[in-house]
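Positions are given from 1, in the same order as the sequence printed here. Every number for a ligand or one of its atoms is a count from 1 in the order of the listing. Note that the structure is a prediction, hence the values are computed from the model and not measured.
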Amino acid sequence: MNNILYEGKSKLVCSGVDENSILIRYKDTATAFNGEKKAELLGKGRLNAEISNLIYAYLCDNGIKTHLIKVIDDTSVLVKKAEIIMVEVIIRNVAAGSFSKKYGVTEGAHLNNVVVEFSYKSDILGDPMINKSQITSLGVATADEIKEMTSLALSINDLLCSLFMKAAIRLVDFKLEFGRSKGEIILCDEISPDSCRLWDVDTDKKLDKDRFRRDLGDVLDGYSDVLRRLKNVR
Ligand code: UDP
C-alpha cells in the first residue's frame, strides 16, 4: 500500500511511483455543505472513478492535457504531481444551485451566455467566490493563467456538453481544477456526478450529487445511470 499523504473528503492522496506522481484513491464518502452533511455510500468511489476516467479519456482524445498517467484499479489512478492552483473554476450552462439562490432565478432558467466563475479553494473560508483582480492581487494565479484556465474550461465545456448530450444528459454546471506541471496548466481532479449537475434532457431528473444534498432518493441510482449512458456513447 502506498503511503497516505493526505486524506480529503472524498479521496485519499497517496505516494506514487516516484516524486513526480501521486496515487489518488476514490472513497465511498459523500459530503455536502462544506462537510456538514456526510454519509458512506457503498460503491460511490468505484462509480465516480469509472465515470471520471471515461471522461478524462475522452478529453485526452480531444487534445486536453490532464494529470492522468494511468488507471491502476477500479478506485485508484496514478496522476502527475502538479501544483494545484487554488481556485475552482465553475462553468454554468443553465441556472442552478448557488447561482439561482444568489440571483433569485429559477433552477433550469436559460442563461444568455455561459457563465465562468471562480471560487477560492479554502475549506475554512467556505470556498468564497473570487474575481480575477482578487485572484491576481493575492498571487493565487497570474492574469495569463486565469486567461488560460478560462479558455481551457470553455473548451472542456463544449466537449462535455456534446458528450453528455449524446447520452441524453444536460450538463447544467460543473467545477474544474487545474494545476501547474512542467510549465503547463493541466486539468486535475475528478469530473463526476459529485462535481457536475447532470439532468435527464427529457425529464430534468437529477442524476448528480443534488440527490444527496437534497435527499432526492437513491443517490447511486443516478450515478449508475450516468455511467451506463456514457458507456453506451463512448
Ligand atoms: N461544485 C463542486 N465543488 C465545490 C463547489 C461546487 O464540485 O466545492 C460543483 C457543484 O457540484 C455544481 C457546480 O460546481 O455542479 C456549481 O456549484 P454551486 O456554485 O451551484 O454550489 P452548490 O450548489 O454546490 O453549493
Side-chain angles (χ1 to χ4, degrees), residues 6 8-11 13 24 26-27 29-39 41 44-45 47-49 51-52 55-56 59 67 84-111 113-131 135 140 149-150 152-154 156-157 159-161 163-164 167 169-179 187-201 204-216 219-220 222-223 225-226 230:
Y6 167 80
K9 283 181 283 204
S10 62
K11 287 186 278 308
V13 178
I24 293 178
Y26 287 73
K27 302 197 299 183
T29 315
T31 65
F33 314 119
N34 206 8
E36 272 170 43
K37 183 170 178 174
K38 197 170 169 181
L41 303 177
K44 182 181 82 91
L47 282 167
N48 274 354
I51 292 168
S52 193
I55 290 174
Y56 262 69
L59 291 176
H67 70 166
I84 295 295
I85 300 176
M86 296 306 278
V87 289
E88 296 185 339
V89 183
I90 291 168
I91 296 288
R92 301 181 188 277
N93 297 303
V94 177
S98 69
F99 184 93
S100 285
K101 206 169 163 192
K102 196 177 297 165
Y103 302 110
V105 274
T106 326
E107 288 211 305
H110 166 81
L111 298 171
N113 53 266
V114 174
V115 173
V116 183
E117 278 174 22
F118 301 95
S119 308
Y120 184 40
K121 262 175 76 68
S122 163
D123 283 343
I124 292 172
L125 301 175
D127 296 342
M129 202 168 171
I130 188 166
N131 71 25
I135 294 173
V140 171
M149 286 191 288
T150 304
L152 282 169
L154 291 172
I156 292 168
N157 184 43
L159 288 166
L160 292 186
C161 281
L163 175 71
F164 280 117
I169 292 171
R170 176 170 301 127
L171 178 58
V172 171
D173 58 28
F174 61 102
K175 182 263 307 177
L176 296 176
E177 295 187 26
F178 294 95
L187 178 67
C188 297
D189 204 22
E190 70 188 290
I191 301 181
S192 73
D194 271 7
S195 62
C196 304
R197 284 198 169 88
L198 303 167
W199 296 357
D200 179 272
V201 272
D204 282 348
K205 182 179 170 190
K206 295 172 173 51
L207 305 171
D208 55 71
K209 197 162 101 171
D210 274 344
R211 296 172 75 87
F212 175 66
R213 292 187 188 98
R214 305 177 188 184
D215 300 316
L216 299 178
V219 178
L220 297 189
Y223 288 38
D225 197 6
V226 171
L230 285 178

Original post:
Considering residues, nucleotides and ligands other than Lys37, do more than 12 of their heavy atoms fall under 6.0 Å from its NZ?
Top reply: yes

**OP:** Would you mind finding which of Val89, Asp208, Asp173, Asp210 brings a heavy atom closest to atom 12 (C) of ligand 1?
**Re:** Asp173

Subject >> Side-chain ion pair, Arg197 and Asp208, N-O less than 4.0 Å >> reply: no

Original post:
Counting heavy atoms not belonging to Lys101, are there more than 12 under 6.0 Å from its NZ?
Top reply: no

Subject >> From the candidates Met129, Lys175, Glu117, Arg213, the one that places a heavy atom nearest atom 10 (C) of ligand 1 >> reply: Arg213

Original post:
Looking at ligand 1, does Lys101 have a heavy atom less than 4.0 Å from it?
Top reply: no

Original post:
Should the proximity of Asp127 to ligand 1, defined as any heavy atom under 4.0 Å, be assigned to the side chain, the backbone, both, or neither?
Top reply: side chain

Original post:
Rounded to the nearest 0.5 Å, how far apart are OH of Tyr6 and CD1 of Ile24?
Top reply: 11.0 Å

Subject >> Heavy-atom side-chain proximity of Thr106 to Ser100 below 4.5 angstrom >> reply: no

Subject >> Ligand-residue contact atoms, ligand 1 with Gly97, heavy atoms, under 4.0 Å >> reply: 20 (O), 23 (O)

Original post:
So which of Ser98, Ser10, Ala32 gets nearest to atom 18 (P) of ligand 1, if we judge by its closest heavy atom?
Top reply: Ser98

**OP:** Could you tell me which atoms of ligand 1, counted from 1 in the order shown, lie closer than 4.0 angstrom to a heavy atom of Glu88?
**Re:** 4 (C), 5 (C), 8 (O)

Original post:
Side chain, backbone, both or neither: which part of Cys196 comes within less than 4.0 Å of ligand 1 when only heavy atoms are counted?
Top reply: backbone

**OP:** Could you tell me if any non-hydrogen atom of Lys209 lies under 4.0 Å from any atom of ligand 1?
**Re:** no

Original post:
Does the pair Glu107/Arg214 count as a salt bridge with the N-to-O cut at 4.0 Å?
Top reply: yes

Subject >> Among Lys209, Lys175, Lys11, the one residue meeting salt bridge (Lys or Arg N to Asp or Glu O under 4.0 Å) with Glu190 >> reply: Lys11

Original post:
Which residue owns the protein heavy atom closest to atom 17 (O) of ligand 1, what's the atom, and how far is it?
Top reply: Arg197 NH1, 3.6 Å

**OP:** Answer yes or no for Asp194: is there a heavy-atom contact with ligand 1 below 4.0 Å?
**Re:** yes

